Amino acid sequence: MQKASELVPSGMLSVIGRPQDQYNYACLQAKEHCKSLGMENPVCSVANYLFPDGRVIAGHQQALDFLQENSRRLKFMRTKTLPVSGAFHTELMASATEPLREVLRQVESEGKSSLHHELKLKRRIQRENSQRERSGSARSSCSSRGSQSDDLTIHETEKTEKEKDKQDLEIENIIKVSEGYKNLFL
């Protein structure tokens with residue numbers, strides 16, 4: 001996305017207006033202004049809805065400059081340039097989609113299968129080690145008639161296993177979320 005934002009001067013503008021304001025019409029006027037400057041296919045559109053009378057408008061820098069310079073005529077109460085590197089959430093970021101798709105394909109083909117395999121292997125090893133520790137603790141517990149230190153060791157082992165299971169679930173959730181993002185771009 002950084003490379004896409006470096007291709008043309010662009011940005012984002014926070015706008016607070018009034019209920020009757022027509023943000024899309026203001027964007028259309030900004031695009032017409034850019035065309036009058038000789039720009040082909042200018043971009044200026046509502047990128048985010050912040051609250052009922054607040055929007056983020058993104059696009060070519062000339063379009064955003066037009067909106068700021070004409071904010072009074074457009075009846076905007078306030079405009080503020082956002083400190084971002086580009087016009088995110090617009091078609092100016094289109095050049096970033098194919099490289100992102102490629103990365104997601106690689107993650108799916110390489111990462112998903114190997115990560116799932118690693119998680120399963122890790123769980124199996126943890127369970128085997130845990131069972132060995134329990135059986136060893138149980139034997140020593142029987143021989144020492146259930147000392148408190150053995151009970152504490154068993155409790156700590158169970159607690160550690162729960163924490164590891166929780167971490168594994170978090171990793172699996174991250175994988176699922178990344179698969180969801182992949183589906184947006186593929």
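Being a predicted model, the structure only gives us computed values, none of them experimental.
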Arg78, CZ: over 12 other non-hydrogen atoms inside 6.0 angstrom: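 No, CZ of Arg78 has 12 or fewer neighbouring heavy atoms, counting only those of other groups under 6.0 Å.
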
Check for a donor-acceptor pair, side chain of His60 on one end and backbone N or O of Pro42 on the other, with a separation under 3.5 Å.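 The answer is no, because no donor-acceptor pair under 3.5 Å joins these two groups.
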
Could you tell me whether the side chain of Arg55 and the main chain of Pro52 form a donor-acceptor pair under 3.5 Å?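 Side chain of Arg55 to backbone of Pro52: a pair is present.
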
Between Tyr25 and Gln29, what is the shortest heavy-atom contact and its length? CE2-NE2, 2.7 Å

Report the hydrophobic cluster partners of Leu67, with the cluster defined as I, L, V, M, F, W, Y residues connected by side-chain heavy atoms closer than 4.5 angstrom, directly or transitively.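 Once heavy-atom contacts under 4.5 Å are chained together, Leu67 belongs with Leu13, Val15, Tyr23, Val46, Tyr49, Ile57, Leu64, Phe66, Leu74, Phe76.
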
Specify the closest pair of heavy atoms between Met12 and Ala58, including all atoms of both residues, with the distance to one decimal.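 Nearest pair, atom of Met12 first, then Ala58: CG-CB, 3.8 Å.
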
Could you report the tightest heavy-atom contact between Ala63 and Cys34, atom names first, then the distance?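 Smallest interatomic distance, heavy atoms only, reads N-SG, 3.4 Å.
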
Closest non-hydrogen atom pair between Cys27 and Cys44, with its separation: CB-O, 3.4 Å

Heavy atoms only: give me the nearest Ser14-Leu50 pair and the separation to one decimal.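 Smallest heavy-atom distance, with atoms named: OG-CD1, 4.0 Å.
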
For the atom pair CE (Met39) and CD (Gln62), what is the distance rounded to the nearest 0.5 Å?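 Those atoms lie 3.0 Å apart.
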
Within this structure, what is the CG-NZ distance for the pair Leu28 and Lys31, rounded to the nearest 0.5 Å?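 Answer for the CG-NZ pair, Leu28 versus Lys31, is 6.5 Å.
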
CE/Met77 to CZ/Arg18 distance, rounded to the nearest 0.5 angstrom? 6.0 Å

